[in-house]
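Note sheet for the following structure.
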Protein chains: 4
Amino acid sequence: MTEKLPGRPRDPGIDDAALAAARELLAEVGWEQTTMVAIAERAGVGKPALYRRWPSKTQLIFEAVFNWMTEPVAVADAPDSTEWIQRSFAYTLDLFARPEVQAALPGLLAALHDNPDLQSSLWREFGAPGIDMLGETLQGEGAGSEAALDAQATMVLIIGSSMIVRLLLSGENAAAVAARLPRIVNPL
Amino acid sequence: MTEKLPGRPRDPGIDDAALAAARELLAEVGWEQTTMVAIAERAGVGKPALYRRWPSKTQLIFEAVFNWMTEPVAVADAPDSTEWIQRSFAYTLDLFARPEVQAALPGLLAALHDNPDLQSSLWREFGAPGIDMLGETLQGEGAGSEAALDAQATMVLIIGSSMIVRLLLSGENAAAVAARLPRIVNPL
Amino acid sequence: MTEKLPGRPRDPGIDDAALAAARELLAEVGWEQTTMVAIAERAGVGKPALYRRWPSKTQLIFEAVFNWMTEPVAVADAPDSTEWIQRSFAYTLDLFARPEVQAALPGLLAALHDNPDLQSSLWREFGAPGIDMLGETLQGEGAGSEAALDAQATMVLIIGSSMIVRLLLSGENAAAVAARLPRIVNPL
Amino acid sequence: MTEKLPGRPRDPGIDDAALAAARELLAEVGWEQTTMVAIAERAGVGKPALYRRWPSKTQLIFEAVFNWMTEPVAVADAPDSTEWIQRSFAYTLDLFARPEVQAALPGLLAALHDNPDLQSSLWREFGAPGIDMLGETLQGEGAGSEAALDAQATMVLIIGSSMIVRLLLSGENAAAVAARLPRIVNPL
DNA sequence: CTATAAACGAGACGGTACGTCGGGTCTTCTG
DNA sequence: CAGAAGACCCGACGTACCGTCTCGTTTATAG
């Protein structure tokens, strides 16, 4: 189905090299210093090759961080809601502990603010699958008609608190607080 | 006590005018367009007057948003933990609904990332008072020895979910989800 | 011979456009108002394109005025020293009457002061050809062994007095004084 | 006659200190680096004290260099025009050999260009006395009706060539050329 | 086996924000 | 009131980054 376009095909290695370079630079020097030129240099690539693939720096970094993260989420097969919450917290807390994710957050937030339709797309791709799963589980556990809303709210709590605990706390206290989070979240 | 410095004293009105101008611009045109020149023009002030007071754009905006927000929070006198959580959610959800706060978040996160000691200072000034209050209330309600940790975790859940619900959801769904949040957070 | 450099070549039209814009602005609004931004705007060019070519405003203006002026002087074929002096005065008085040359003089003097090797290069390129010609003519007219020095001194007198008459006098008086200058300069 | 003004009288020492500081800075660091703040610091004086006395940096430096130079010129009592020219050259060549005078020239030229009435005032104060003297001497030596114009032209030649020989030549060649100048200038 | 079309590295381009600095004016307090 | 200190406005300077555009070269498919 993918029609064979004429001309030289794109080098698929460039995509990976650029995304990896972006992640490394984010972790090492932060958002500000992660320049398009710097990404291109580290990837051994020219700037136009980047702009042929992503329309802006924001989108490149977005994909670098989040396509990396939306890989095997696999919280799917939790037996009950408690277990589901536990596993989701574990995954999300790990995610926001990654230095490149933390470094990418400023740019991500700016993009969310300027580009509202990114909100829904992010929410849909990242949150929706797990939310549906949790909603069904809750209904099986006797939740009322608003099980879907509760599932969304639960996801909001998990994501938000994971972010905040990584941004504002550190050291042993962060670990201790993080360990208490799942017990407090109780949608039933 | 404050020694009399020689020379013309700084005009204190400039501080307020600049901070107000920064807040207005953040709400109106967003982080990118909130230029130092634009702040100076709206405040009726020269650029050097801004750089005499704040070493960079980030620091100016940080103070503009957060010195404004660390006002009297006054959730203090809640009769029980349920009520405390309800009121805290109301306050925090309102806070992150403000457009200038949303617009300032990218800069805030960048500052948190580059300047780790800002973490503790922000957590202490913004979260600590309410957390202590909640901790005592919980202990009075029969919580165990880890009431203090649970209070911190509860605050993390409130702040984080308020931020996420404002950033990722919108419209009626946001309101509905926000309304379910307090019921799910249950530290006892 | 000129090695092929990689990358997009510099647009040669920008050089000319910038130098022309600089000359026009000098003539119209003077040295102070001849801003780099103004030059860029008039040339239809960005500021970085200027700084890629010249390291500072002074150097740009220097080249704008003096590469323009070191064109074919062609006073060469004067039959005797009197005629040579007459023609040189005519040329030099015209030169310093040009508004962009007058406007550029401050920058030129500053450059001469800060960058001494510019002295000799300017003297060599601008003065030397005519001086040699005059020296030979003088020797043919019976001048002594110091004809070369006298030729240099004559050139100094012509350049200097042309500059001063344009800077310090004006109106009819300037014209009358300028007309008497060649008669007074008499190297024989 | 000089009315007694009320209030504290101006400290006369400040004038000299400021002018001396300006001359020193011009000679040491050039026109660009000779800042009003720098002059004030070296003179042990505040900036407003400078602006109380001179309306601009240009005028301050102008006075610093030229009131210093318009001291006893004393070419007056030359017996004939040849001697007058000789002495004037000696004086003017010395003047333009001074480093602070050379450093001040850029600013002076800029001021002449922007402020045309400065031309006549400078010409009148600095050139006129000697020119009148030379004009009378020439008339006594049998010059025609245009002795006044020739006197002006002679002065233009002396000033201009002295400036150029100092700006464009250096070392032994400068001295040799300068020595030949008076012989070539011959108004009769 | 050549022609074409597109991708590639390098880097110039317009635009614009940043942070610094100098000139000239003003406002405080001290003598 | 003069004077020192220094804040103030204005605006130019030079740097950096973004996203686009031309170069000349390379490479895969089409004919």
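Note on naming: letters A, B, ... go to the chains in the order of the sequence lines (proteins, then strands), and numbering restarts at 1 for each one. All values below were derived from every heavy atom in this structure, side-chain atoms included, with hydrogens, water molecules and symmetry-related copies excluded. The structure displayed is predicted, hence computed values, not measured ones.
- Between D11(A) atom CG and dA6(E) atom P there is a gap of 18 Å when expressed in whole angstrom units.
- For L50(D) and dA4(F), the CG to P distance is 9 Å, given to the nearest whole Å.
- Nearest approach of T35(A) to E32(A), heavy atoms of both residues: OG1-O, 4.2 Å.
- A search for ring pair (Phe, Tyr, Trp, His ring centres under 6.0 Å) contacts involving F96(D) returns nothing, not counting sequence neighbours.
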Would you mind writing out the side-chain donor-acceptor pairs for residues 37-47 of chain C within the sub-3.5 Å range, not counting sequence neighbours?
| from | atom 1 | to | atom 2 | distance (Å) |
| --- | --- | --- | --- | --- |
| R42(C) | NH1 | E24(C) | OE1 | 2.8 |
| R42(C) | NH1 | E28(C) | OE2 | 3.1 |
| R42(C) | NH2 | E28(C) | OE1 | 2.9 |

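- Remark: P of dC13(F) and CG of L60(C) are 11 Å apart, rounded to the nearest angstrom.
- Closest to the Y51(A) side chain, of the nucleotides dG14(F), dT20(F), dA4(F), is dT20(F).
- For S120(D), the side-chain contact (heavy atoms from CB on, under 4.5 Å) partners two or more places apart in sequence, or in a different chain, are R124(D).
- Screening residues 5-20 of chain C for salt bridge (charged side-chain N to carboxylate O under 4.0 Å, His left out) gives D15(C)-R53(C) as the qualifying pairs, with residues at least two apart or on separate chains.
- Between the CZ atom of R10(B) and the P atom of dA5(F) there is a distance of 17 Å, given to the nearest Å.
- In this structure, R52(A) and I14(A) have side chains that are not in contact, with every pair of non-hydrogen atoms separated by 4.5 Å or more.
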Output one line per pair: protein atom, nucleotide atom from nucleotides 25-27 of chain F, and distance, for all N/O pairs under 3.5 Å.
| from | atom 1 | to | atom 2 | distance (Å) |
| --- | --- | --- | --- | --- |
| dT26(F) | O2 | R8(A) | NH1 | 2.8 |

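- Taking the nucleotide of DNA chain F with the nearest heavy atom to each of T34(A) and T34(C), the more 5' of the two is matched to T34(C).
- When the P atom of dA2(F) is taken as reference, atom CG of D15(D) falls 13 Å away, rounded to whole Å.
- Considering only side-chain N and O atoms, R52(C) lies under 4.0 angstrom from the phosphate OP1 or OP2 of dC13(E).
- Side-chain contact between V101(C) and R166(C) is absent, with no heavy atoms from C-beta onward closer than 4.5 Å.
- Atom CD in Q33(C) sits about 8 Å away from atom P in dA12(F), given to the nearest Å.
- Side-chain N/O atoms of K57(D) include none lying less than 4.0 angstrom from OP1 or OP2 on dG22(E).
- Against DNA chain F, the stretch residues 35-48 of chain D makes heavy-atom approaches under 4.0 Å through G44(D), V45(D), G46(D), K47(D), P48(D).
- Annotation: of the two residues near DNA chain E, S56(B) and I14(A), the 5′-most nearest-nucleotide partner is I14(A).
- Contact of the W31(D) side chain with the I61(D) side chain is registered, since non-hydrogen atoms from C-beta on lie closer than 4.5 Å.
- Listed pair R53(B) / dC8(F) meets the phosphate criterion, a side-chain N or O lying under 4.0 Å from OP1 or OP2.
- Counting heavy atoms from C-beta outward, L60(D) and M36(D) have side chains that approach closer than 4.5 Å.
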